[in-house]
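Throughout, protein chains are lettered first and strands after them, A, B, ... in sequence-line order, and every chain is numbered starting at 1. Reckoned from all heavy atoms, side chains included, excluding hydrogens, waters and symmetry mates.
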Protein chains: 2
Amino acid sequence: MADIRDVAQRAGCSIATVSRALNSPQLVRPETLARVQAAAAELKFRPNALGRQLRGERTGLIGVMLPTLGNPVFADCLEGIEAAIDGTGRRLLLVTTQYDPERERNAIETLLQQRVDGLLMTLADAEHSALVDDLAAEGVACQLVYNDAPERPCVSVDNRAAAAQGVNMLIEAGHRDIVMVTGALHASDRAKRRYLGYGDAMQAAGLTPLPAFEIDFNSGARGERVREWLAQRERDGARPTALFCSNDLLALGVMRALREAGLRVPDDISVLGFDGLAVGELLSPTLATVVQPSVEIGRHAAQRLLAQIDGRVGVVGASHDPSLSHALILPHEIRRGGTVSAPPARQA
Amino acid sequence: MADIRDVAQRAGCSIATVSRALNSPQLVRPETLARVQAAAAELKFRPNALGRQLRGERTGLIGVMLPTLGNPVFADCLEGIEAAIDGTGRRLLLVTTQYDPERERNAIETLLQQRVDGLLMTLADAEHSALVDDLAAEGVACQLVYNDAPERPCVSVDNRAAAAQGVNMLIEAGHRDIVMVTGALHASDRAKRRYLGYGDAMQAAGLTPLPAFEIDFNSGARGERVREWLAQRERDGARPTALFCSNDLLALGVMRALREAGLRVPDDISVLGFDGLAVGELLSPTLATVVQPSVEIGRHAAQRLLAQIDGRVGVVGASHDPSLSHALILPHEIRRGGTVSAPPARQA
DNA sequence: TTGAAAGCGCTAACAT
DNA sequence: ATGTTAGCGCTTTCAA
């Protein structure tokens with residue numbers, strides 16, 4: 001593979017001139033420029049980004065760390081990130097962590113070793129993670145996505161308020177027995193905040209918040225678990241009339257289980273999701289859900305990160321925009337859908 | 001940021017010893033090793049991967065180029081890729097191209113400049129693209145995913161046979177008026193092969209293949225287009241009784257349009273998809289589809305790529321496994337689902 | 001406008 | 001077991 005020296009020799013100039021011709025053509029005499037370009041083309045010269053990166057201040061690499069791509073929420077967000085960096089000459093280094101804190105640590109270390117200019121990530125639990133503080137202390141540019149921790153650099157919706165508003169919609173539809181269904185609650189700060197929002201809405205309506213029904217997201221036996229739980233509640237005479245699922249994917253799984261258990265949605269039981277996945281609108285009945293602007297979350301996070309990186313030019317006197325180190329809360333939306341209706345008439 | 005020299009000084013040894021301590025601990029006296037590790041920890045030394053990569057043969061970087069992450073097929077495939085490289089110490093450089101050939105060219109060039117060890121990609125049209133030949137000529141390790149071009153290094157299903165089998169299922173259910181619905185047909189070699197498979201099945205049953213109904217994937221007006229088209233067919237008295245959609249996402253969109261047009265699936269019209277998206281099973285009725293093992297496709301492609309890279313050790317006399325430069329065809333599956341039933345009784 | 005030269009941080013001979 | 005040294009390919013002063 002030809003290197004800059006080969007090109008220089010072929011063009012009859014020094015490597016410095018080749019470098020200029022490639023990066024600052026205006027600094028080079030047109031005739032020389034042409035010779036260099038010709039030489040580069042003939043040799044199929046492909047500049048080695050590693051050399052440049054090793055030398056320079058920046059690599060143009062952005063580290064992206066997400067829990068999984070199996071949930072379209074993250075894929076959507078990634079699309080927003082891509083859209084934001086498109087045309088800036090940056091590239092994305094991608095890692096997924098499966099919500100595993102240890103993998104999170106490793107991944108970050110790896111990305112940092114590659115000298116990414118900045119980090120975009122969703123942590124399992126941003127509030128209790130010292131990671132973000134460490135990164136801040138090290139001066140690593142970084143934005144969290146989806147995590148909402150008010151005092152941290154992140155982009156998200158107000159999960160608590162959004163959840164409350166969603167649950168409130170259920171209440172307004174006439175539901176009083178509402179249970180929240182979540183994955184492992186302890187593993188996700190978002191699910192926790194949504195549960196708080198659920199509690200807010202319930203209490204504001206004078207209802208008693210119920211414990212969340214937690215089911216393991218990764219277990220194949222989800223359907224069965226749901227049915228067992230339902231049967232139990234049935235025996236207790238306390239079957240809820242509505243379920244608030246902490247995310248859309250979970251809602252879809254739950255709905256399948258309900259169907260298999262012979263329950264009709266929404267006639268027998270209403271279901272509300274959270275995320276606003278596009279597929280939700282394609283279902284019938286359409287999935288009622290709390291919509292986060294996933295693509296926009298990704299886009300904004302990336303834009304903020306770039307601003308952060310660029311603001312770091314002089315390294316010292318840089319114009320550190322303080323707003324970039326606090327949360328950016330994007331508006332959520334309630335999407336009414338066919339999975340929510342009034343509760344079935346009470347049977348004596 | 002501390003570099004290897006700082007660590008050496010602090011540990012009272014040479015940089016070579018530090019390097020050894022980090023990469024081949026067994027070559028270093030335990031006592032020295034301990035000193036180095038202590039020094040590295042105290043200085044929060046983070047090895048600069050760029051230095052190593054510039055020096056070494058390999059970067060450990062794998063370039064991944066996909067059309068979009070908006071379609072879960074590709075996200076699933078990416079999960080398989082991740083699974084395959086997990087634990088190998090490699091990282092993924094990700095780019096999406098939106099099916100745009102020019103972006104494809106740019107992206108590849110970019111990835112190559114970063115000196116990725118190999119490339120994993122889905123091209124819009126692998127058969128007519130000179131890209132793959134160029135790459136092969138340059139000796140770049142590369143595997144195509146989803147594209148099935150028999151003579152190329154790729155991992156996919158046999159799109160033609162799979163489509164034929166799917167369409168045959170429709171025929172066996174009693175359908176004779178079957179139309180294939182696709183995105184821009186010219187843009188995707190897969191859609192083209194699936195259309196061939198459609199033709200195969202129709203002809204084998206003594207039926208006349210119909211022209212495909214192409215609708216722009218990126219247009220928001222999809223629903224409307226479908227309704228117009230249906231109305232037209234209706235007037236012609238030639239409304240098909242079954243639609244074979246070239247992918248599941250399209251099928252979902254089409255089904256929505258059908259519903260909005262007042263048609264029931266499958267009572268009025270049957271729908272068959274292609275891909276095997278997980279959401280298809282969560283719908284009701286569940287989506288009948290031709291299932292590709294997306295995660296496995298990604299996993300295998302990555303494994304083959306790694307084998308290719310590793311086989312290149314001696315650079316010259318390497319054990320170039322020739323099978324790696326030909327297609328690996330993975331088995332597909334027909335998923336029967338609620339969206340396909342017998343055609344409605346003929347009305348005079 | 002161009003060239004010479006000094007590294008960026010690391011690894012791997014080669015020497016001791 | 002450890003040190004010395006020569007680059008990997010590039011950008012960027014500093015001089016000319």
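Between A:Leu93 and B:Leu93 the shortest side-chain heavy-atom distance falls below 4.5 Å. Side-chain atoms of B:Val132 and B:Asn147, non-hydrogen and from C-beta on, never get closer than 4.5 Å to each other.
B:Gln113 places its CD atom 19 Å from the P atom of D:dC8, with the value rounded to the nearest Å. In this structure, B:Leu50 places its CG atom 22 Å from P of D:dG7, rounding to the nearest Å. Between B:Leu54 atom CG and C:dA12 atom P the separation is 13 Å, expressed in whole Å. Protein atom CG of A:Asn48 is 17 Å distant from nucleotide atom P of C:dG9, rounded to whole Å. Rounded to whole Å, atom P of D:dC10 lies 15 Å from atom CD of A:Gln9. The nearest whole Å value for the distance from the CZ atom in B:Arg35 to the P atom in D:dA1 is 14 Å. The interatomic distance linking B:Arg58 (CZ) with D:dC8 (P) rounds to 19 Å, in whole Å. Spacing between atom CD of A:Gln53 and atom C1' of D:dT12 amounts to 17 Å, rounded to whole angstrom units.
At D:dT2, one or more side-chain N or O atoms of B:Thr32 fall inside 4.0 Å of OP1 or OP2 (strictly under the cut-off). Considering only side-chain N and O atoms, B:Thr17 lies under 4.0 angstrom from the phosphate OP1 or OP2 of D:dG3. In this model, the phosphate group of D:dT2 is approached by a side-chain N or O of B:Arg29 to a distance below 4.0 Å at OP1 or OP2.
The base of D:dG3 sits within donor-acceptor range of the side chain of B:Arg20, with an N or O pair under 3.5 Å.
Residue order along DNA chain C, read from the 5' end via each residue's closest nucleotide, puts A:Ser14 first among A:Arg5 and A:Ser14. Sequence order on DNA chain D of the closest nucleotides to B:Leu33 and B:Arg115 puts B:Leu33 first from the 5' end.
Among A:Val145, A:Leu66, A:Ile108, the one residue that satisfies the side chain to side chain contact (heavy atoms under 4.5 Å, CB included) test with A:Met121 is A:Ile108.
Among the heavy atoms of the strands lying under 4.0 Å from A:Ile15 is at least one base atom, whether or not backbone atoms are also near.
Heavy atoms only, all atoms of each residue included: B:Ile309 and B:Ala141 are closest at CG1-CB, 4.0 Å.
Closest to the side chain of B:Ala16, out of D:dC10, C:dC10, D:dG3, is D:dG3.
Checking B:Arg91 against A:Gln114 by side-chain atom types alone, a donor-acceptor pair falls below 3.5 Å.
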